[in-house]
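In what follows, chains are A, B, ... by sequence order, proteins preceding strands, each numbered from 1.
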Protein chains: 2
Amino acid sequence: MSRRVTLKEVAKEAQVSPATVSLVLNNKPSRIAKETQQRIRDVAARLHYVVNENARGLVTNETRLIALIVPDIENMFFASLARHLEDACQEAGYALFLSNSDDRRANESALMTNYLARDIDGMLLIPSLESYRQPRQLQRQIAAAHCPVTLIDRLVTARICDGVGFDNVQGGRLAARRLLEARHRRFACISGQTDDINASNRMQGFVDVLRSHHIDADDILLLNGNYRFTGGYELADCVLDFGATGLFCCNDLMAMGVMQRLAEHDLHVPQALSIVGYDNIMRRFGMTSQLTTVEQDVHELAVRSWECLYRHIRLHDTGRDCATATSVTLLEPRIVEGATVADAPAKVFA
Amino acid sequence: MSRRVTLKEVAKEAQVSPATVSLVLNNKPSRIAKETQQRIRDVAARLHYVVNENARGLVTNETRLIALIVPDIENMFFASLARHLEDACQEAGYALFLSNSDDRRANESALMTNYLARDIDGMLLIPSLESYRQPRQLQRQIAAAHCPVTLIDRLVTARICDGVGFDNVQGGRLAARRLLEARHRRFACISGQTDDINASNRMQGFVDVLRSHHIDADDILLLNGNYRFTGGYELADCVLDFGATGLFCCNDLMAMGVMQRLAEHDLHVPQALSIVGYDNIMRRFGMTSQLTTVEQDVHELAVRSWECLYRHIRLHDTGRDCATATSVTLLEPRIVEGATVADAPAKVFA
DNA sequence: ATGAAAGCGCTAACAC
DNA sequence: GTGTTAGCGCTTTCAT
């Protein structure tokens with residue numbers, strides 16, 4: 001572990017001034033002798049010189065640093081998103097720093113402050129659930145930030161900055177249509193926690209379509225799950241008792257939990273129960289290839305989010321950014337056919 | 001999005017010198033009038049002043065920044081580790097920046113350079129598979145780093161810096177002993193890719209114990225999987241054809257794939273096949289509560305890794321760090337009892 | 001073709 | 001009690 005070499009030391013060793021070294025190492029247009037250039041590069045390499053980006057940022061006023069705050073890095077959806085975002089940033093020559101708010105406003109706030117203190121060029125933020133419901137504090141913090149902020153996936157209502165997410169209501173609609181198509185008439189929906197607006201929206205879209213197809217409220221069972229395997233597992237019996245033939249789970253993990261429970265009852269999917277999941281994020285493991293599910297294209301989300309932030313960064317560098325109205329982009333989910341939806345058992349028309 | 005406020009501006013607004021502001025805002029011992037202090041704090045708050053950590057780092061020569069590079073953030077084991085490490089760093093007043101090498105040396109190298117250029121105080125590194133097999137390049141880079149580096153989980157052989165990981169050979173032994181205990185005499189083991197040394201070590205420990213218990217090589221089937229659900233699923237039939245009654249999967253995901261395939265054959269676990277998995281990382285989803293598995297305590301790994309790095313950071317701050325011999329810490333895995341191992345069917349002694 | 005000097009935002013020693 | 005000064009490592013005019 002060697003001490004850090006500075007530009008000045010390189011300059012001295014190469015018998016030139018610091019300014020010359022800077023020009024050469026940054027490939028700035030200059031008319032410095034080819035020979036001198038080579039000498040400088042050689043010395044820099046030999047000494048393992050690496051520029052101090054912080055010092056550079058101080059004078060250039062850009063750090064080429066992007067911060068990403070996710071609520072839960074152990075959630076595969078966010079992990080996958082992080083990965084795609086990193087690719088996007090890297091391609092544009094930015095480094096992505098990632099942190100985890102654990103879905104709590106206090107952590108989120110501390111992280112934001114920390115990142116802003118690091119003089120980042122932009123921030124990608126998936127708000128904590130707490131901020132999703134009570135956005136005021138977060139909004140104030142974003143307004144005070146010195147750099148552009150783009151919200152992802154959880155779009156807090158008042159439009160304080162741009163956001164990119166999915167149309168969750170539409171996702172719920174897709175699920176409902178698919179089950180109606182298979183002639184089901186009695187349904188259940190396992191949503192997320194009551195304070196998760198995205199999950200609620202999925203359920204909302206689902207119910208809306210059912211109602212508009214004249215499904216009676218008595219034929220729809222609405223449940224709140226925990227977005228985990230266990231949540232589906234534990235609620236499966238309720239769904240069976242209710243006699244639903246079509247089930248919509250607001251994420252795949254719960255759908256798998258339900259299937260596990262059904263297997264224990266020696267019941268088969270989709271004969272005993274048709275299931276539509278949500279996310280298709282576990283497909284990476286080859287685990288949900290069987291599941292009919294509403295897919296959210298994480299890659300698209302990442303690309304669009306980055307585009308949005310990058311646009312603001314460029315605006316911010318040049319003139320003023322403030323003028324533009326904030327925009328909210330909603331991406332369309334799509335349904336992916338698996339093998340967990342079958343036609344409802346034929347029945348005498350009631 | 002407001003422009004950034006500097007300390008100087010706060011000073012001017014509060015009618016004091018920059019130095020005074022610095023002293024007050026950093027709570028440095030000084031005898032500045034209570035009244036002045038309050039005035040400064042008020043102004044700072046009103047102007048939304050936030051210190052520029054980069055500028056500060058330039059003079060204090062510590063950034064309180066830690067870098068973490070993982071091979072694959074979508075792998076739950078690494079995601080979970082990242083989370084625990086972040087907690088540890090945060091508690092010590094450091095910020096953790098996370099990146100993803102995608103298991104490739106080239107990315108890893110670029111990320112390291114980038115982080116080192118950011119003047120981080122320390123680096124936590126899980127080497128890419130490429131570096132795990134061909135450590136020379138990585139070793140050179142670590143040797144040239146200006147800050148301490150701690151290796152995690154994949155301990156490259158030549159001891160260029162400290163490392164903390166698990167005893168994978170021991171994990172394999174535990175699995176073997178558990179199956180022998182249940183009187184199995186014919187085994188299969190699904191390992192990882194041939195270049196994954198950790199997976200190979202697990203298999204090695206497994207085989208060693210079997211052989212030392214006089215299990216014939218003909219009674220042991222060795223397979224290379226892909227560490228995914230599909231890997232287990234696809235190899236399940238091989239295991240059945242071989243007639244193994246005890247199976248060791250080098251991770252839980254493959255174990256689940258096997259179980260899925262068995263279910264399709266209407267075979268039950270553990271009656272038809274006893275299975276020991278590895279990781280217990282999906283337990284977070286409530287998915288493997290049933291699986292008998294070798295557990296690696298991620299939290300312990302995180303804590304010990306951070307302790308190790310932190311020790312070096314402190315040494316590095318004070319005198320020289322170089323003198324100390326590098327140490328490798330191997331943590332012990334432990335077996336977690338589930339419901340997937342049963343006694344082998346009774347049999348006439350051959 | 002190269003160097004000198006100023007300054008980015010901050011802290012730390014030392015004046016006053 | 002508070003201000004002055006120098007300097008962290010770097011880039012960027014502007015001289016020469």
| message | Could you check whether any side-chain heavy atom of A:L129 comes within less than 4.5 Å of a side-chain heavy atom of A:R154, counting everything from C-beta outward? | response | yes
Euclidean distance, atom [atom1] of residue [X] to atom [atom2] of [N] [Å, nearest integer]:
| X | N | atom1 | atom2 | result |
| --- | --- | --- | --- | --- |
| B:N27 | C:dA12 | CG | P | 13 Å |
| A:I40 | C:dT2 | CD1 | P | 8 Å |
| B:R56 | D:dC10 | CZ | P | 21 Å |
| A:L23 | D:dC14 | CG | C1' | 12 Å |
| B:L58 | D:dC10 | CG | P | 9 Å |
| A:Q15 | C:dG3 | CD | P | 10 Å |
| B:N52 | D:dC10 | CG | P | 16 Å |
| A:D119 | D:dC10 | CG | C1' | 14 Å |

| request: Quick one: label A:N26 by what it contacts on the DNA or RNA (base, sugar-phosphate, nothing), any heavy atom closer than 4.0 Å. | output: sugar-phosphate
| Contact class for B:T6 (heavy atom, under 4.0 Å): base, sugar-phosphate, or nothing? |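 Sugar-phosphate only.
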| said: To check you understand the geometry: which heavy-atom pair defines the closest contact between B:P127 and B:P71, and what is its length? | reply: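 Closest heavy-atom pair between B:P127 and B:P71: O-CG, 3.9 Å.
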| remark: Which of A:R304, A:E300, A:E307 passes side-chain contact (heavy atoms from CB on, under 4.5 Å) with A:V164? Answer is A:R304
| A:T60 side chain near D:dC10 phosphate (N/O to OP1/OP2, under 4.0 Å) |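 It does not, given that no N or O in the side chain of A:T60 lies less than 4.0 Å from OP1 or OP2 of D:dC10.
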| said: Whether B:K28 contacts C:dT11 is assessed here as follows: a side-chain N or O lying under 4.0 Å from the phosphate OP1 or OP2. Is that the case? | reply: no
| field | Distance-only polar pair, side chains of B:R4 and B:N52, donor-acceptor under 3.5 Å | value | no
| Distance-only polar pair, side chains of B:E108 and B:S131, donor-acceptor under 3.5 Å | yes
| field | Side chain of A:V59 - closest among D:dT4, D:dG9, D:dG1 | value |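 Per side-chain heavy atoms of A:V59, the pick is D:dG9.
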| field | Position toward the 5' end of DNA chain D (nearest nucleotide), A:T20 or A:K8 | value | A:K8
| query | With nearest nucleotides of DNA chain C determined for B:A55 and B:A19 from heavy-atom distances, which residue corresponds to the more 5′ nucleotide? | reply |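 Final value for this comparison: B:A55.
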